[in-house]
Amino acid sequence: MLNSHNTSPKQKIWHIVSIIPEGKVSSYGKVADLAGLPGRARYVSTALKAAPASLALPWHRVINSQGKIAFTEGSDPFIEQVELLRSEGVTVVRGRVILSEFEWRPDIATLVLSIPF
DNA sequence: CGTTTGACCCAGC
DNA sequence: GGCTGGGCCAAAC
């Protein structure tokens with residue numbers, strides 16, 4: 001068995017976020033699901049906030065289930081997220097991303113092989 | 001300690 | 001599209 005017992009919930013979340021491809025986005029709830037924490041979307045935001053900068057996570061690729069940026073519109077982090085997304089080719093209109101076009105849809109096999117827990 | 005907060009989500013109007 | 005109520009629960013107070 002893999003090391004599921006020594007991987008903390010935060011580490012699992014950080015790992016899932018780390019494998020979201022450039023130019024794609026995922027949602028808090030989806031990240032929670034993939035990390036084995038269904039129903040814990042809220043905790044994903046907590047974990048991202050607590051993530052060490054040294055991990056250099058692509059946190060900007062995580063938005064809400066409606067395709068919208070979760071930060072208050074016009075706030076500094078909101079603006080930063082829009083810029084980061086646009087810099088990698090993701091279209092953002094009024095704080096929203098068209099999920100049908102940019103949502104990350106990993107195939108199961110690739111996903112399993114890229115998750116160490 | 002008890003209470004509130006929050007980068008959330010979904011079903012059901 | 002919007003609003004509500006309920007679920008979620010670690011962190012911050």
Side-chain angles (χ1 to χ4, degrees):
Chain A
M1 199 194 286
L2 297 181
N3 59 334
S4 58
H5 283 292
N6 26 11
T7 304
S8 74
K10 272 182 190 169
Q11 289 176 311
K12 292 179 178 178
I13 289 169
W14 294 339
H15 186 264
I16 296 300
V17 172
S18 78
I19 61 179
I20 301 173
E22 183 178 338
K24 290 294 178 182
V25 299
S26 192
S27 68
Y28 297 92
K30 200 63 72 66
V31 169
D33 287 347
L34 296 178
L37 302 166
R40 306 293 308 284
R42 203 155 215 159
Y43 187 53
V44 172
S45 59
T46 301
L48 286 181
K49 186 167 53 180
S54 60
L55 291 181
L57 292 180
W59 60 270
H60 58 285
R61 296 176 191 148
V62 185
I63 58 184
N64 73 24
S65 67
Q66 310 309 302
K68 298 201 306 179
I69 285 175
F71 291 108
T72 300
E73 187 162 12
S75 65
D76 286 350
F78 173 95
I79 293 170
E80 183 183 6
Q81 189 162 14
V82 170
E83 292 177 342
L84 286 168
L85 287 171
R86 286 180 175 157
S87 76
E88 55 187 51
V90 176
T91 302
V92 185
V93 180
R94 275 181 271 105
R96 176 202 318 234
V97 171
I98 307 302
L99 292 181
S100 61
E101 186 173 358
F102 299 102
E103 185 177 33
W104 176 42
R105 290 175 183 110
D107 73 88
I108 306 299
T110 301
L111 195 54
V112 170
L113 294 177
S114 55
I115 298 179
F117 48 80

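Throughout, a chain's letter reflects where its sequence line sits, starting with A, and its residues are numbered from 1.
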Can you tell me, in whole Å, how much space there is between the C1' of C/dA12 and that of B/dC1?
-> 14 Å
Could you measure between the two C1' atoms, the one in C/dC8 and the one in B/dT5, and give it in whole Å?
-> 13 Å
Tell me if a side-chain donor or acceptor on [X] pairs with a main-chain N or O of [Y] at a distance below 3.5 Å.
{"X": "A/His15", "Y": "A/Ala35", "answer": "no"}
{"X": "A/Glu103", "Y": "A/Ser27", "answer": "no"}
{"X": "A/Arg86", "Y": "A/Val92", "answer": "yes"}

Can you tell me the distance, in whole Å, between the [atom1] atom of [X] and the [atom2] atom of [N]?
{"X": "A/Leu48", "N": "C/dA11", "atom1": "CG", "atom2": "P", "result": "13 Å"}
{"X": "A/Asn64", "N": "C/dC8", "atom1": "CG", "atom2": "P", "result": "20 Å"}
{"X": "A/Leu34", "N": "B/dC9", "atom1": "CG", "atom2": "P", "result": "13 Å"}
{"X": "A/Glu73", "N": "B/dA7", "atom1": "CD", "atom2": "C1'", "result": "15 Å"}
{"X": "A/Ile69", "N": "B/dC8", "atom1": "CD1", "atom2": "P", "result": "12 Å"}
{"X": "A/Ile63", "N": "B/dG6", "atom1": "CD1", "atom2": "P", "result": "21 Å"}
{"X": "A/Tyr28", "N": "B/dG6", "atom1": "OH", "atom2": "C1'", "result": "11 Å"}
{"X": "A/Arg40", "N": "B/dC8", "atom1": "CZ", "atom2": "P", "result": "14 Å"}

Would you mind classifying the nucleic acid contact of A/Lys68 as base, sugar-phosphate or nothing, using non-hydrogen atoms under 4.0 angstrom?
->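 Touches nothing.
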With sugar-phosphate meaning primed atoms plus P, OP1 and OP2, does A/Thr72 contact a base, only sugar-phosphate, or nothing at under 4.0 Å between heavy atoms?
->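 Touches nothing.
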Check the pair A/Lys24, A/Glu88 against side chain to side chain contact (heavy atoms under 4.5 Å, CB included), reporting the backbone distance first and the verdict last.
-> CA-CA 9 Å; A/Lys24 290 294 178 182; A/Glu88 55 187 51; over 6 Å; no
Would you kindly compare A/Arg42 and A/Arg96 by the position of their nearest DNA chain C nucleotide and give the one closer to the 5′ end?
-> A/Arg96
Take A/Lys49 and A/Gly39, find for each the nucleotide of DNA chain C with the closest heavy atom, and name the residue whose nucleotide sits nearer the 5' end.
->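 It is A/Gly39 whose nearest nucleotide is closer to the 5' end.
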Under 4.0 angstrom between A/Ser65 side-chain N/O and B/dC9 OP1 or OP2 |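 Yes, A/Ser65 has a side-chain N/O under 4.0 Å of OP1/OP2 on B/dC9.
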C/dA11 phosphate, OP1 or OP2, under 4.0 Å from A/Lys10 side-chain N/O |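 For C/dA11, OP1/OP2 do have a side-chain N/O of A/Lys10 under 4.0 Å.
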Any side-chain heavy atom of A/Ser26 within less than 4.5 Å of one from A/Val62?
->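 They are not in contact (no side-chain heavy atoms under 4.5 Å apart), so the answer is no.
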Does A/Ala41 or A/Thr46 map to a spot on DNA chain B nearer the 5' end, using the closest nucleotide for each?
->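 It is A/Thr46, whose closest nucleotide lies nearer the 5' terminus.
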Would you say the base of C/dA10 and the side-chain of A/Tyr43 have a donor-acceptor pair closer than 3.5 Å?
-> no
